[in-house]
> 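Take this structure first; my questions come after.
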Amino acid sequence: MAPLIVHADRDRLAAGLAALVAEDLRAALRAKGRASFAAPGGTTPAAFLSALAAAPLDWARVSVLPGDERWTPPEDERSNEAMIRRAMAAATGARFEPFWRAGETPESAAPLLSAAIAPALPLDVAVIGMGADMHCASLFPGAANLSAALAPDAPPVAAITAPGAVEPRVTLTLPALAGAGRLYLLIAGADKRAALRTALGERDATVAPVGAVLGAARAAEVHWAP
Ligand SMILES: O=C(O)[C@H](O)[C@@H](O)[C@H](O)[C@H](O)COP(=O)(O)O
């Protein structure tokens, strides 16, 4: 069971998790001379990512990739790549490895991306968000291809589209996320804490993908603030 760390407020959540992740990345740099970090999408993580980017790190040796991407160009405000680059602008020299590929579909890009990120695996750190529907990354309940993306032998990146989604997506799969040296779930608000409680009691991985990912993780923590 992943421990739940409760922070007094969202500022302390962002700062506290950033300090932990920065130390994880420094440890990887000391051990291997390089590090890899999968950043969360959505709206919650911007403060965390900005605080992390301000940490004194040799960012030129850190690969930063999105945990998932809405399949839209980085010029689009919905792009996770754009949000991550903006929030992490202070991480001078960080090696961003975006998922968006012009001229490709999620289906055609996924195997290319699996091959491209292979040298960065296992990830040193992955941080994911969660929706009230118990998805994480783009592992959405009810999505076509979800079971394949949750399989222990899934390739690192899969194409996946949530029912009624604005756009198709690509996502890191369960083995890529769970195989990270450190996996952190970053959530805020009472609704998500309640959804997490439900997810931890749900045995069907396709109903609660976040529960399956946390349950399979090498080392996971949940960080939450009201
Ligand atoms: O592209 C996305 O939005 C992410 O894939 C998604 O998993 C996100 O992390 C959660 O939905 C939480 O999003 P919020 O932080 O906006 O609530």
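Just follow the structure's listing: the first ligand is 1, and inside any ligand the first atom is 1.
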> How close do S79 and P74 get, counting heavy atoms only, and between which atoms?
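For S79 versus P74, the nearest heavy atoms are OG-CA, 3.5 Å.
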
> Can you tell me how far apart CG (L4) and CG (L196) are? Round to the nearest 0.5 Å.
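So the gap between those two atoms works out to 7.0 Å.
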
> Once you round to the nearest 0.5 Å, how far does CG of L177 lie from OG1 of T171?
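The OG1 atom of T171 is 6.5 Å from CG of L177, to the nearest 0.5 Å.
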
> Could you tell me the separation between the NE2 atom of H223 and the CG atom of L186, rounded to the nearest 0.5 Å?
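These two atoms lie 9.0 Å from each other.
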
> Once you round to the nearest 0.5 Å, how far does OG1 of T105 lie from CH2 of W71?
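Going from the OG1 atom of T105 to the CH2 atom of W71 covers 7.5 Å.
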
> So if I only count non-hydrogen atoms and take anything under 4.0 Å from ligand 1, which residues does that give, chain by chain?
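Contacting ligand 1 under 4.0 Å are G41, G42, T43, T44, D68, R70, N80, G129, M130, H135, A137, S138, R169, K192.
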
> Answer yes or no for R193 and W224: cation-pi contact, defined as NZ/CZ to six-membered ring centre under 6.0 Å and angle to ring axis within 45°.
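Here R193 passes the 6.0 Å and 45° test against W224.
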
